[in-house]
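If you scroll down you'll find the structure; I have some questions about it.
In this chain, residues are counted from 1 in sequence order. Ligands are counted one by one from 1 in listed order, and the atoms in each one are counted from 1 as well.
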Amino acid sequence: MVVGSVSRGCQVVVIGAGPGGYVAAIRAAQLGKDVILIEKDERLGGVCLNVGCIPSKALIHASDLAEEVRGAANLGITVAGLTVDLPTMVKWKDGIVRRLTGGVKFLCEKNGVEVVRGRAELTSDRTLSVATEGGQVAIQFEAAIIATGSRPMALDGFPHDGETIIGSSEALSLPKIPERMVVIGAGYIGLELGSVYAKLGTKVSIVEFLPELAPALDPEVAKALGKRLKQLGIGLHLGHRALRFEPGNPGVVVAQGPESELRVEADVVMVSTGRVPNSEGLGLDAIGVATDDKGFIKVNDKMQTSVPGIYAIGDVVGGALLAHKAYQEAKVAAEVIAGHPAAFDSAGIPAVIYTDPEVAWVGLSEQQARERGHNVVTGTFPFAASGRAMSLGATEGFVKAIGDAESKQLLGIVAVGRGVSEFIGEATLALEMGAYLEDVGLTIHPHPTMSEALQEAVEAALGKAVHMMNK
Ligand SMILES: Cc1cc2nc3c(=O)[nH]c(=O)nc-3n(C[C@H](O)[C@H](O)[C@H](O)COP(=O)(O)OP(=O)(O)OC[C@H]3O[C@@H](n4cnc5c(N)ncnc54)[C@H](O)[C@@H]3O)c2cc1C
C-alpha cells in the first residue's frame with residue numbers, strides 16, 4: 001500500500017482497465033515498455049467483463065435455456081415443474097465474471113504490467129496523479145493512454161435509484177424476477193435484457209422514441225426482430241417519448257405517443273437510452289486534450305489526441321461502443337507508441353445484437369451501399385431452407401449478402417438467426433481481405449452448419465444458389 005505522497009515513473013501509463021485499457025497495457029508490455037495500468041474499481045475488466053458483454057451473455061444463455069426447455073414438447077422433451085431461481089442464476093453469472101476478471105489480473109502480472117488501484121487525473125502532458133487508498137501517487141510518463149470508457153446516460157423524469165429505476169448494471173443482478181418491467185430505449189442493451197426477463201416470465205414493455213426498430217439496419221431485420229419480440233409477449237411502443245415515472249404499487253411509466261399518452265405499469269424500469277463518455281475529472285481541459293460536443297475525446301487513426309504523447313481508445317473516443325473496437329484501438333495505440341507503423345484501418349467493425357434470433361452485421365447495409373453510389377446486387381438465403389436450422393428448431397431469419405453489381409466485390413453482410421454471431425467474423429475476414437462474392441461462394445463450408453447460409457446468400461447474389469430458387 002502507498003502512504004502519503006509518492007512519485008513514480010514509467011514509459012507508458014494506461015488509465016482504465018476495461019477491454020481497451022488492459023489490452024493496451026499488455027500489448028505495450030509485450031513490446032518491451034515499462035507499463036503502469038491504473039484502475040479505480042476493485043476489479044479489472046471494465047464494463048465489459050463486470051457489467052456488460054459477459055454477464056449479459058451469461059443471463060441470455062440461461063434464459064434461452066429455460067425458454068427452450070419450456071418449448072421442447074414437440075421434440076418429445078417435457079420437464080415437469082420447471083422453476084427458475086434467479087439468485088442462483090446470478091451467482092453462476094458472478095462466478096464467470098470472477099474467473100474472467102481474475103484472468104485479466106493474471107495476464108497483467110505475467111506480462112509485467114504494474115496495476116495501481118485508484119482514480120487518475122492528468123496534471124500535465126507528462127504527469128498524472130492517482131488518488132489511491134494510501135494517498136496520492138504522482139506518475140511521470142512518456143506516453144499516456146486514456147481508456148476510461150463510458151457510463152449510462154441519465155434520463156429526465158427517471159431518477160436512477162438502483163432499485164425501481166435501474167440501469168443495465170442492476171438489471172444483471174436483480175434479487176428477484178420482476179412481475180412487470182418497462183425498458184426505455186430499444187438499443188441493443190434494452191432489447192437483450194428485455195428479452196432475458198421476458199423469457200424468465202416478466203411482462204416486459206419497451207418504450208422507444210424512434211418510430212422504427214434498428215433503423216440503421218435492414219427493414220427485414222426489424223421485421224424479424226419485431227415478430228419475435230411479440231411472440232415473447234413483449235409490448236413494443238415505438239415512436240413514444242418516455243416522460244416520467246409515477247411511483248406507486250405498481251408505478252407507472254408515462255410516455256407521449258404520436259397521438260396519445262401511454263401509461264404502462266412497472267415494478268422495475270430499466271433505462272437504456274445510450275451512453276456518455278467518462279471524460280470529465282481527467283484534467284483534459286487543463287492540458288488541452290480536445291473533445292467533441294458530447295465529450296468524446298477526438299483522436300486520429302493512430303489513436304493520438306490533440307496533445308502529443310496522449311492517446312485515447314475505446315468508448316471514451318466514441319464511434320461503435322463495442323469491446324472489440326476497443327481491443328483493436330488498444331493494439332494500435334500500443335504499437336504506435338512502440339514506433340510501429342500501425343493505424344486503425346479496418347474494413348468493417350462487426351456488430352451483434354444477442355437477441356433471439358441474434359442479429360449480426362458487418363460492412364454496408366443495402367441502403368448504405370446505394371447511398372454511396374454502388375449499383376447494388378443482393379442475395380438472401382432464408383434459414384427456413386437450411387437443414388441445420390431445421391435440426392436446431394431455428395428456422396427464423398436469413399443471411400443477406402450485399403455486393404457491387406459491376407465489380408462483384410462483397411460490401412456487407414447482415415444476418416438474423418440462431419448463432420449468427422459465430423460466423424459474422426468470417427464475413428468480416430472476407431471484407432478485410434477485399435473478397436469478391438465469388439471468393440465466399442467458392443469457399444467450402446462444413447455441412448450442416450448455419451454458416452452455409454453465408455455461402456448460399458453470396459451464391460444467390462451471383463444467381464447461382466442451389467438450395468433455393470434463384471430470382
Ligand atoms: C449491458 C451491456 C452489454 C454489452 N455487451 C457488449 C457486447 O456483447 N459486445 C461488445 O462488444 N460490447 C458490449 N458492451 C459494450 C462494452 O462493454 C464496451 O464497449 C467496453 O467495455 C468499452 O471498453 P473500454 O475499455 O473503452 O471502457 P470500460 O469497459 O468502460 O472501462 C473503463 C474503465 O476505466 C475505469 N476508469 C474510469 N475513469 C477512471 C479514472 N479516472 N481513473 C482510473 N480508472 C478509471 C473504469 O472504472 C473502467 O473500469 C456492452 C455494454 C453493456 C453496458
Side-chain angles (χ1 to χ4, degrees), residues 13-25 36-61 93 97 100-101 104 115-122 128-132 137 139 144-153 166-173 183 185 187-194 196 270-284 296-297 299 303 312-330 333 349-355 358-360 421 424-425:
V13 69
V14 182
I15 310 174
Y22 80 75
V23 170
I36 294 180
L37 173 63
I38 305 166
E39 172 55 55
K40 66 174 176 51
D41 285 352
E42 190 54 37
R43 284 205 294 229
L44 306 185
V47 168
C48 180
L49 264 57
N50 290 287
V51 287
C53 327
I54 300 299
S56 62
K57 269 75 236 177
L59 293 191
I60 287 168
H61 169 67
K93 175 267 295 177
V97 170
L100 284 171
T101 54
V104 170
V115 176
V116 172
R117 193 81 55 202
R119 183 181 285 276
E121 183 177 348
L122 290 156
L128 59 73
S129 167
V130 191
T132 72
V137 178
I139 296 177
I145 303 177
I146 303 170
T148 47
S150 66
R151 62 181 187 281
M153 188 187 283
I166 62 172
S168 55
S169 300
E170 292 91 359
L172 295 167
S173 295
V183 174
Y188 78 91
I189 295 173
L191 291 173
E192 289 181 2
L193 293 177
V196 164
M270 185 183 97
V271 178
S272 55
T273 46
R275 298 184 67 85
V276 290
N278 292 326
S279 55
E280 317 91 342
L282 283 170
L284 300 185
F296 290 104
I297 299 176
V299 287
M303 313 319 298
I313 57 173
D315 281 11
V316 77
V317 305
L321 304 189
L322 293 169
H324 44 275
K325 188 215 63 153
Y327 289 158
Q328 184 68 9
E329 291 175 342
I349 301 173
V352 178
I353 309 177
Y354 292 81
T355 37
E358 290 177 350
V359 179
S421 56
I424 201 66

Checking a contact table here: which protein heavy atom is nearest atom 19 (O) of ligand 1, and how many Å away? Asp315 OD1, 2.9 Å
Any nitrogen or oxygen of Leu172, main chain or side chain, under 3.5 Å from a nitrogen or oxygen of ligand 1? no
Ignoring angles and geometry beyond distance, decide whether Gly45 reaches within less than 3.5 Å of ligand 1 through its nitrogen or oxygen atoms. no
So Ser279 and Thr148, do their side chains get closer than 4.5 Å, heavy atoms only? no
How long is the straight-line distance from CD1 of Ile60 back to CG of Leu193, given to the nearest 0.5 Å? 6.5 Å
Are Val137 and Ile38 packed together at the side-chain level, in the sense that at least one heavy-atom pair is separated by less than 4.5 angstrom? no
Using a 4.0 Å cutoff against the non-hydrogen atoms of Ser150, which atoms of ligand 1 qualify? 30 (O)
Starting from atom 27 (O) of ligand 1, locate the nearest protein heavy atom and write down its residue, its atom name and how far away it is, to 0.1 Å. Gly149 CA, 3.2 Å
Where's the contact between Ser169 and ligand 1, heavy-atom distance under 4.0 Å: side chain, backbone, both or neither? neither
Do Gln328 and Ile349 have side chains that approach each other closer than 4.5 Å (heavy atoms only, starting at C-beta)? no
of all protein heavy atoms, closest to atom 41 (N) of ligand 1 is Ala120 O, 3.1 Å
For atom 16 (C) of ligand 1, what's the nearest protein heavy atom and its distance? Cys53 SG, 3.9 Å
Could you tell me, atom by atom, which parts of ligand 1 come under 4.0 Å of a heavy atom of Gly118? 42 (N), 43 (C)
Any N/O of Cys48 closer than 3.5 Å to an N/O of ligand 1? yes
Are any of the heavy atoms in Lys57 under 4.0 Å away from ligand 1? yes
Measure the shortest side-chain to side-chain distance between Val299 and Ile313 over non-hydrogen atoms and say whether it is less than 4.5 angstrom. no
Closer than 4.0 angstrom: is that true for some heavy atom of Arg275 and an atom of ligand 1? yes
Hey, could you give me the CZ/CG distance between Arg119 and Leu128, rounded to the nearest 0.5 Å? 13.5 Å
Given side chains that start at C-beta, do those of Arg117 and Thr132 come closer than 4.5 Å, heavy atoms only? no
Do any nitrogen or oxygen atoms of Lys40 lie less than 3.5 angstrom from nitrogen or oxygen atoms of ligand 1? yes
Proximity flag Val316 to ligand 1, non-hydrogen atoms under 4.0 Å: no
Looking at Leu59 and Ala171, what are the two nearest heavy atoms and their distance? CD1-O, 4.3 Å
Nearest heavy-atom approach of Asn50 to Leu44 is ND2-O, 3.2 Å
Tyr22: heavy atom below 4.0 Å from ligand 1, yes or no? no
I'd like to check which ligand 1 atoms, numbered from 1 as shown, lie under 4.0 Å from a non-hydrogen atom of Asp41. 47 (O)
Geometric N/O contact Tyr354 with ligand 1, under 3.5 angstrom: no
Nearest to atom 34 (O) of ligand 1, what protein heavy atom do you find, and at what distance? Gly16 CA, 3.2 Å
Numbered in order shown, the ligand 1 atoms found under 4.0 Å of a heavy atom of His324 are 11 (O)
Search all heavy atoms of Tyr354 against all heavy atoms of Lys57 and return the closest pair with its distance. CD1-CE, 3.3 Å
Non-hydrogen atoms of Ala351 versus ligand 1: any pair closer than 4.0 Å? no
Atom 39 (C) of ligand 1: which protein heavy atom is closest, and how many Å away? Thr148 CG2, 3.6 Å
From Tyr22 atom OH to Thr101 atom OG1, the distance as rounded to the nearest 0.5 Å: 10.5 Å
Element-labelled atoms of ligand 1 that are located less than 4.0 Å from some non-hydrogen atom of Gly314: 26 (O)
Ligand-side contact atoms (ligand 1) for residue partner Gly18, heavy atom cut-off under 4.0 Å: 25 (O), 29 (O), 31 (O), 33 (C)
Spacing of CG belonging to Leu282 relative to CD1 belonging to Ile146, to within rounding of 0.5 Å: 6.0 Å
Taking both backbone and side-chain atoms of Leu322, is any N or O found less than 3.5 Å from an N or O belonging to ligand 1? yes
Is ligand 1 under 4.0 Å from a heavy atom in the side chain of Pro19, in the backbone, in both, or in neither? both
Proximal atoms of ligand 1 relative to Ala147 (non-hydrogen, under 4.0 Å): 32 (C), 33 (C), 34 (O)
Can you list the ligand 1 atoms lying under 4.0 Å from a non-hydrogen atom of Ser56? 3 (C)
Please examine the side chains of Met270 and Glu170, heavy atoms only from C-beta on, and report whether any two atoms are closer than 4.5 Å. no
Heavy atoms only: give me the nearest Val23-Pro19 pair and the separation to one decimal. CG2-O, 3.1 Å
Would you name the heavy atoms of Val352 and Ser421 that are closest together and state the gap between them? CG1-CB, 3.7 Å
If you measure from NZ on Lys40 to CG on Asn278, what distance do you get to the nearest 0.5 Å? 7.0 Å
Which atom of Asp315 lies closest to which atom of Leu322, heavy atoms considered: OD1-N, 3.8 Å
Does the side chain of Val51 come within less than 4.5 Å of Ser168's, by heavy atoms? no
Evaluating non-hydrogen atoms only, which member of Ala24, Pro277, Gly52 is closest to atom 2 (C) of ligand 1? Gly52
Pick one of side chain, backbone, both or neither for how Ile15 approaches ligand 1, counting any non-hydrogen atom pair under 4.0 Å. side chain
Considering non-hydrogen atoms of the protein only, which is the closest contact for atom 29 (O) of ligand 1, and what is the distance? Val47 N, 2.9 Å
Quick check: do Ser173 and Lys93 have side-chain heavy atoms less than 4.5 Å from each other? yes
Would one find an N or O of Arg119, backbone or side chain, under 3.5 Å from an N or O of ligand 1? no
Is the closest heavy atom of Val51 to ligand 1 under 4.0 Å? yes
Among all the protein's non-hydrogen atoms, which is closest to atom 47 (O) of ligand 1, and how far away is it? Glu39 OE2, 2.7 Å
